[in-house]
Amino acid sequence: LRLLAAAADNSELRVLPVEVTITAYPDTVVWRQALSLRIGEETTLTPDLGRRGLFRVDLRAVDPTLAAPQQMVFASVPPPRETGTRGMFGTHIAIRPLLVSYIRRLGFTWTRLHDCSLLTKWSATEPRPGEYLWHDEVAQGVVRGGLHILGLPDHEPEWARVTTEGASPVDAEAYARYCEQVARHYAGTIDHWELWNEPYMGGFYSGGAASFGELMQAGYPALKRGNPRATVLGWCADISNPAWGAALSDAARACIDVFSFHNYINSVPGGGTLPFAGELPDHRKQWPPQVTECWNTEGTNAD
């Protein structure tokens, strides 16, 4: 932690008494110290925080008339337990060289192409049937930057939507064609695919579990045809609702290599303790025999 008090005028003040407080999110004070900052000279501190997570630093002058209070936020993260495709630390980022470099230095090994990047999304890649917009330079730049990519071939374009009452809202045959094309094109650059983001939410897929199973059965073999080395994740479950996955057919549930889920109900950064492992057994009963691992691909997991 580097601190600097700088003169804003011709004041003769040479030393500024301050108090520094570091608070772990949301409200646990983990470090506090009174200091005398010499004007124009940087002070470096290495506080022992005793934990990982998200923190806020408050720097306040003892005499509030001498300087405005200052705040900053930072995170203390552990080094990655593993690297490469076995690394277990990922995030969503906008695909920019600065951000790729930054999160890699923080220890991240994965980026998931969802909220912050449309790079593999169906609507952004095949805006019209059979017309593809590829982003090779960007995808290869991410990999060269040291990250592995979890692609999502979801978010159907307008032309692939089905409005027939009682039918799946997405053209499954068109989805299969897209999955095969996108997996083949990015093979070697993107070898991990998650079939769909949060299909249990109407804003992402409105057809329900049984209908979504048709897309799983269309997309999984298509991704494998395009890239036999592809690893396919699904069904992107809501960790608190195993009943949704139970409504998928056995044939649909067999269409994954890795079980994926989202978890927004566990520990907060900085010291929460609410576990989520108790939810997993009911989901695990639904996995096909070949599945031996599960990935939390989005959520507030700080463990």
Side-chain angles (χ1 to χ4, degrees), residues 90 92-96 100 110-144 147-165 167-209 211-236 248 252 255-258 260 262 297-298:
H92 298 168
I93 62 168
I95 304 301
R96 300 190 182 104
V100 171
W110 286 88
T111 184
R112 181 173 182 259
L113 300 181
H114 177 49
D115 309 78
C116 301
S117 173
L118 299 178
L119 195 150
T120 62
K121 295 287 188 178
W122 188 7
S123 58
T125 307
E126 191 184 9
R128 288 169 294 278
E131 297 183 16
Y132 297 99
L133 302 175
W134 304 117
H135 309 282
D136 301 313
E137 184 178 359
V138 178
Q140 291 165 10
V142 172
V143 173
R144 285 196 301 270
L147 298 177
H148 292 273
I149 295 172
L150 176 59
L152 281 102
D154 61 349
H155 198 269
E156 74 281 2
E158 185 70 34
W159 61 263
R161 293 174 184 165
V162 177
T163 57
T164 305
E165 186 175 353
S168 169
V170 178
D171 184 333
E173 291 184 3
Y175 180 60
R177 289 193 296 271
Y178 175 67
C179 284
E180 183 172 349
Q181 290 292 331
V182 74
R184 178 176 293 115
H185 184 86
Y186 287 118
T189 302
I190 305 175
D191 293 329
H192 293 76
W193 297 92
E194 190 168 25
L195 286 164
W196 207 273
N197 179 71
E198 297 180 354
Y200 52 86
M201 293 186 66
F204 294 115
Y205 182 79
S206 60
S211 177
F212 181 69
E214 298 175 15
L215 285 189
M216 294 181 67
Q217 293 179 79
Y220 178 83
L223 290 168
K224 296 287 189 176
R225 287 193 301 271
N227 179 5
R229 299 188 308 277
T231 298
V232 180
L233 282 66
W235 41 92
C236 194
L248 294 168
C255 292
I256 59 172
D257 301 317
V258 174
S260 64
H262 286 181
T297 58
E298 187 179 320

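Any value given below was found using the heavy atoms of this structure, including those in side chains, with hydrogens, waters and symmetry copies removed. Residue numbers count from 1 along this sequence. If you're wondering where the values come from, they're calculated on a predicted model, not measured in any experiment.
- From Thr111, atom OG1 reaches atom CG of Leu119 across 10.0 Å, with rounding to the nearest 0.5 Å.
- Atoms CG and CG, from Leu113 and Leu150 in turn, are 7.5 Å apart once rounded to the nearest 0.5 Å.
- Side-chain rings of His262 and Tyr200 stay apart, their centers remaining 6.0 Å or farther from each other.
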Test log, rule side-chain hydrogen bond (donor to acceptor under 3.5 Å, both in side chains), inputs Ser260 and Glu194: CA-CA 8 Å; Ser260 64; Glu194 190 168 25; 2.7 Å; yes

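- Tyr205 contributes atom OH, which lies 3.0 Å from atom OG of Ser168 (distance to the nearest 0.5 angstrom).
- Within 6.0 Å of CD on Glu131 lie more than 12 heavy atoms contributed by other residues, nucleotides or ligands.
- Between Asp171 and Arg161 no salt bridge is recorded (no basic side-chain N to carboxylate O distance below 4.0 Å).
- Across Ala183 and Leu223, no two heavy atoms sit closer than the pair CB-O, 3.5 Å.
- Considering SG of Cys236 and CZ of Phe212, their distance stands at 8.0 Å, rounded to 0.5 Å.
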Audit row: His185, Asp136, side chain to side chain contact (heavy atoms under 4.5 Å, CB included) steps and yes/no: CA-CA 9 Å; His185 184 86; Asp136 301 313; 2.6 Å; yes

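- Every residue meeting the side-chain contact (heavy atoms from CB on, under 4.5 Å) condition with Thr164, not counting sequence neighbours, appears here in chain and number order: Val162, Ala167.
- Scanning all heavy atoms of the two residues, the minimum distance from Thr297 to Arg112 falls at O-CD, 3.2 Å.
- With Trp196 as reference, Tyr175 is the one residue of Trp235, Tyr175, Phe204 to meet the ring-ring contact (aromatic ring centres under 6.0 Å, His included) rule.
- Here the side chains of Asp154 and Leu195 are not in contact, with every heavy-atom distance at 4.5 Å or above.
- Looking at every heavy atom in both residues, Gly213 comes nearest to Ala252 through CA-CB, 3.6 Å.
- Residues His155 and Trp122 place their aromatic rings such that the two centres sit no closer than 6.0 Å.
- Here the side chain of Thr120 pairs no donor or acceptor atom with the backbone of Pro153 at under 3.5 angstrom.
- Contact of the Val232 side chain with the Cys255 side chain is not registered, since no non-hydrogen atoms from C-beta on lie closer than 4.5 Å.
- When all heavy atoms of His135 and Ala124 are compared, the closest pair comes out as NE2-O, 4.4 Å.
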Check the pair Asn197, Asp115 against side chain to side chain contact (heavy atoms under 4.5 Å, CB included), reporting the backbone distance first and the verdict last. CA-CA 10 Å; Asn197 179 71; Asp115 309 78; over 6 Å; no

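- Using a 4.5 Å heavy-atom threshold, the side chains of Glu298 and Glu198 count as touching.
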As a quick check of understanding, evaluate side chain to side chain contact (heavy atoms under 4.5 Å, CB included) for Leu147 and Ile93, giving each step before the final call. CA-CA 11 Å; Leu147 298 177; Ile93 62 168; 4.2 Å; yes

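- One finds the CD1 atom of Ile190 at 12.5 Å from the NE2 atom of His148 (value rounded to the nearest 0.5 Å).
- Listed by chain and residue number, Trp134 satisfy the ring pair (Phe, Tyr, Trp, His ring centres under 6.0 Å) test with Tyr186 (two or more places apart in sequence, or in another chain).
- Remark: side-chain polar atoms of Asn227 are not paired, donor with acceptor, to backbone N or O of Lys224 under 3.5 angstrom.
- What you find for Asp257 and Ala230 is that their closest heavy atoms are OD2-O, 3.7 Å.
- Listed for the Thr125 side chain is a donor-acceptor partner under 3.5 Å among the backbone atoms of Lys121.
- Shown here for Val182 and Trp193, the closest heavy-atom pair between the two residues is CG2-CH2, 3.6 Å.
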Let me see the working for Trp159 and Glu126 under side chain to side chain contact (heavy atoms under 4.5 Å, CB included), right down to the final yes or no. CA-CA 10 Å; Trp159 61 263; Glu126 191 184 9; 3.5 Å; yes

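- Two residues are said to be in side-chain contact when any heavy atoms from C-beta on lie closer than 4.5 Å; Ile256 and Met216 meet this criterion.
- Summarising the geometry, atom CZ belonging to Arg225 is positioned 11.0 Å from atom CZ belonging to Arg177; distances are rounded to the nearest 0.5 Å.
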